[in-house]
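Quick notes on the structure that follows.
Excluded from the calculations below are hydrogen atoms, water molecules and symmetry mates; all remaining heavy atoms, backbone and side chain alike, are included. Convention: sequence-line order gives letters A, B, ...; per-chain numbering from 1.
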Protein chains: 4
Amino acid sequence: MIQMIINPSDELPIYRQIMRQITEGIALGRLKSGEKLMSHRELSEQLVVAPLTIKKAYDELEALGFIETQRGRGTFVCERLPQLDRRDQLDRVRQAARQLLLQAHLAGLRFSEVVNLLKQAGRELTDSRAKEKEKV
Amino acid sequence: MIQMIINPSDELPIYRQIMRQITEGIALGRLKSGEKLMSHRELSEQLVVAPLTIKKAYDELEALGFIETQRGRGTFVCERLPQLDRRDQLDRVRQAARQLLLQAHLAGLRFSEVVNLLKQAGRELTDSRAKEKEKV
Amino acid sequence: MIQMIINPSDELPIYRQIMRQITEGIALGRLKSGEKLMSHRELSEQLVVAPLTIKKAYDELEALGFIETQRGRGTFVCERLPQLDRRDQLDRVRQAARQLLLQAHLAGLRFSEVVNLLKQAGRELTDSRAKEKEKV
Amino acid sequence: MIQMIINPSDELPIYRQIMRQITEGIALGRLKSGEKLMSHRELSEQLVVAPLTIKKAYDELEALGFIETQRGRGTFVCERLPQLDRRDQLDRVRQAARQLLLQAHLAGLRFSEVVNLLKQAGRELTDSRAKEKEKV
DNA sequence: GTGGTCTAGACCACC
DNA sequence: GTGGTCTAGACCACG
C-alpha cells in the first residue's frame with residue numbers, strides 16, 4: 001500500500017485527494033493489479049478522517065472500475081484496469097499540453113525553458129519510481 | 001470583448017469559469033488593458049446565466065486587480081495588471097508539467113513524443129493568436 | 001416527478017429501491033429527458049429517510065449517466081441517456097427470459113400459461129402508461 | 001452432485017449463490033430426492049471458499065427443508081421437498097414477467113419478438129435438461 | 001476483521 | 001433554495 005497524505009485545507013475535497021493519489025499510484029505502477037488496499041476504517045484512522053469519507057473515495061473508484069471490493073475480504077486493485085479510448089487518452093494529453101503552455105506563457109517562459117522544466121519533472125518522476133523499486 | 005462559453009454541468013462553478021476566461025483572455029492579449037467589458041445584464045443574457053453570478057465574477061476580478069468599474073461608465077480591464085508571485089507562477093508551470101507527464105505516461109507515450117505534441121500545441125496556440133490580431 | 005414508495009423492510013437497500021424506481025420511470029417514459037427531480041432534501045422528507053440516503057441514490061444514478069446535477073439548480077434527467085451495448089441489452093433480455101422460465105417451471109406452469117401471464121403483464125404496463133398520458 | 005460456480009465479486013453473498021444453485025438444481029431435477037451432497041470440506045476446496053460459508057448455506061437449506069444431514073453419513077436432498085406457497089410462486093412468476101417486459105422495452109423489442117426469445121430460451125433449457133439425463 | 005447501509009446532524013459554496 | 005462535503009456514530013451481513 002502506498003503512503004498517502006491529505007491536506008484538509010486544499011480546495012480539492014478530501015475524498016478526491018484520496019482518489020487522485022490512488023489512481024496516480026496505479027498509473028505509475030506503485031499499486032499493482034490485484035494488490036489489496038487498506039480497509040477504509042484503517043485508512044481513516046491513519047489519515048484522521050471519517051471512515052465514510054474514505055469509503056466514498058473507494059466507492060467512486062469502484063464505479064470507475066479501478067478497484068473492486070469483496071465483502072468480508074477487502075478492497076483490491078482491479079486486474080483488468082479500465083481502458084480509456086485511445087482518442088480520449090490523447091485528448092487528455094493534448095489538453096494537459098495546452099494547459100502547460102498557457103501557464104508557461106503567463107509566467108513569461110520561452111519554449112526551450114518549458115522543455116527543460118519538463119525534462120526536470122521527468123527526472124523527478126523516474127527517480128521516485130526507482131526508489132519505489134529499491135524498496136521492493 | 002472576447003467570446004465566452006459556459007458549461008453549467010462543469011464541476012468548476014460558473015462564476016469561476018467566467019473569471020478564468022477573462023484572466024486568460026487578458027494574459028493571452030485577447031483583452032487589452034483599458035478595454036471595456038460587457039455589462040452584467042448584457043453578459044448574463046448572452047450566456048444565459050443569472051446576473052448575480054456575473055456580478056460575483058466581476059467582483060472577484062476587481063478584488064484581484066484585473067478589472068475596475070467606473071460608476072456610470074462600465075467595467076474596464078485595468079491599465080496596470082497585477083503580477084502574480086513569481087514563485088507561484090513557476091509552481092503552476094511545474095504542476096502543469098507533472099500533469100502532462102502523468103497523462104502521457106497513462107497514454108504510453110515516450111518523452112520525445114510528448115515534446116512533439118507540445119510543439120504542435122504551441123503552433124496551434126500561436127496560430128490562433130495570429131488570427132485574433134488579424135481580426136483587429 | 002413520479003410517485004415513489006419505499007419499503008424499509010425490503011431486503012433491497014433503500015437507496016437501491018430509489019434507483020430502481022427512477023431508472024424504471026425513465027425507461028417507461030414516466031420521467032422525461034430533461035425533467036427536474038425533487039431535491040434530495042425534499043424527497044427525503046416525503047419518503048421519511050435520511051437525506052444522505054437519497055443523495056447516494058442520486059450520486060450512483062449520476063455515475064451511471066441517467067441523471068445530472070447542476071449546482072444550485074437541481075438534478076435533472078439526462079438528455080442523452082446512456083446507451084447500453086446492443087449485445088448487452090439482448091443479454092439482459094435473455095437473462096430475464098431464462099429467469100421467467102425458471103420461475104414458471106418451479107410453479108409448474110406450461111409454456112402457454114407463461115405467455116398468457118406475459119400478455120396480462122403487458123396489458124397492465126400499457127394501461128398504467130396510458131393513465132400517465134391522460135394526466136398530461 | 002451438480003457442478004457449481006461462485007463469483008466472489010457478485011453482489012449476491014457467496015452462501016446465497018450456493019443456496020440458489022442447489023435449490024434450482026432440485027427444482028430442475030438435476031438434483032434428485034435422496035441424492036447425497038458433497039461434504040463441507042470437499043465442496044469448500046472445490047469452490048475455494050471458506051468451509052464456514054458452505055456450512056451456512058447448508059444450514060439455511062436445512063432450515064428451509066430442502067436438505068437434511070444425517071450424522072456421520074452426510075447431507076442429502078430431502079425426500080419430501082417443501083412446497084412454496086402457491087400465491088408466492090405465482091407472484092414470483094409475475095415479477096419475472098414484469099422484469100422481462102421492462103428489459104425488452106429498454107431494448108426496443110416488440111411483444112412478438114419477446115415471445116420468440118422466450119421460445120428460444122425454452123428450447124435451450126429443455127435441451128440442457130435432456131443432456132443431463134443422457135449423462136445419467 | 002471486512003464491507004454495506006443508515007442516521008441526524010453540520011457547514012460551505014453556489015445560484 | 002440547491003447541491004457538496006464531512007462527521008461521529010450505529011447496526012447488520014459476510015467470511
>> Students often get this wrong, so: under 4.0 angstrom with heavy atoms, is C:Tyr58 touching a base, only sugar-phosphate, or nothing?
In response: nothing

> Considering all heavy atoms of both residues, which atom of A:Glu68 and which atom of A:Glu62 are nearest to each other, and what is their separation?
Replying inline: CA-OE2, 3.8 Å

>> Reading DNA chain E from 5' onward, which residue's closest nucleotide shows up sooner: B:Pro8 or C:Val49?
In response: C:Val49

> Tell me: CD of C:Glu68 to C1' of F:dT2, nearest whole Å?
Replying inline: 15 Å

> Should E:dG4 form a Watson-Crick or G-U wobble pair with both distances under 3.5 Å, which nucleotide is its partner?
Replying inline: F:dC11

> Looking at A:Thr69, does any N or O in its side chain come under 4.0 Å of the phosphate oxygens OP1/OP2 on E:dT2?
Replying inline: no

> If each of C:Tyr15 and B:Leu12 is mapped to the nucleotide of DNA chain E with the nearest heavy atom, which maps nearer the 5' terminus, i.e. the 5' end?
Replying inline: C:Tyr15

> Nearest-Å distance, CD (C:Glu62) to C1' (F:dT2)?
Replying inline: 14 Å

> Any donor-acceptor pair under 3.5 Å between the side chain of C:Arg73 and the base of F:dG3?
Replying inline: no

>> Using whole Å, what does the distance between atom P of nucleotide F:dG4 and atom CD of C:Gln70 come to?
In response: 11 Å

>> For C:His40 and A:Val48, find the nucleotide of DNA chain F closest to each by heavy atoms; which residue's nucleotide sits nearer the 5' end?
In response: C:His40

>> Can you work out whether A:Pro13 or C:Ser39 has the more 5'-proximal nearest nucleotide on DNA chain F?
In response: C:Ser39

>> The side chain of C:Arg41 is closest to which nucleotide in this list: F:dT2, F:dC6, F:dG15?
In response: F:dT2

> Considering only side-chain heavy atoms of C:Leu52, which listed nucleotide, E:dC15, E:dC6, F:dC6, is closest?
Replying inline: F:dC6

>> Between B:Gln70 (side chain only) and B:Phe76 (backbone N and O only), is there a donor and an acceptor less than 3.5 Å apart?
In response: no

> A:Glu60 CD to F:dT5 P: how many Å, rounded?
Replying inline: 8 Å

>> In this structure, how many angstroms lie between the C1' atom of F:dT2 and the NZ atom of C:Lys36, rounded?
In response: 8 Å

>> Side chain of C:Thr75 only, heavy atoms from C-beta on: which candidate in F:dG3, E:dC6, F:dT2 is closest?
In response: F:dG3

>> To check you understand the geometry: which heavy-atom pair defines the closest contact between D:Leu12 and D:Gln17, and what is its length?
In response: O-NE2, 2.8 Å

> At under 4.0 Å, does any side-chain N or O of B:Lys56 touch on OP1 or OP2 of E:dC14?
Replying inline: yes

>> Looking at C:Arg71 and F:dG4, is any side-chain donor or acceptor paired with a base atom of the opposite kind under 3.5 Å?
In response: no

>> Taking 4.0 Å as the cut-off, does a side-chain nitrogen or oxygen of C:Lys55 come that near to OP1 or OP2 on F:dG3?
In response: no

> In whole Å, what is the span from the CZ atom of C:Phe76 to the P atom of F:dT2?
Replying inline: 11 Å

> How long is the line joining CG of C:Leu61 and P of F:dG3, in whole Å?
Replying inline: 14 Å

> Could you state the interatomic distance from CD1 (C:Ile6) to CZ (C:Arg20), rounded to the nearest 0.5 Å?
Replying inline: 12.0 Å

> Closest heavy-atom contact between C:Lys36 and C:Arg73?
Replying inline: CE-O, 3.2 Å

>> Taking side-chain hydrogen bond (donor to acceptor under 3.5 Å, both in side chains) as the criterion, tell me which of B:Arg98, B:Gln99, B:Arg92 meets it with B:Gln95.
In response: B:Arg98

>> If the cut-off is 4.0 Å, is C:Thr53 near the phosphate of E:dT7, judged by side-chain N/O to OP1 or OP2?
In response: yes

> Given atom CE of B:Met19 and atom C1' of E:dC14, what is their separation to the nearest angstrom?
Replying inline: 14 Å

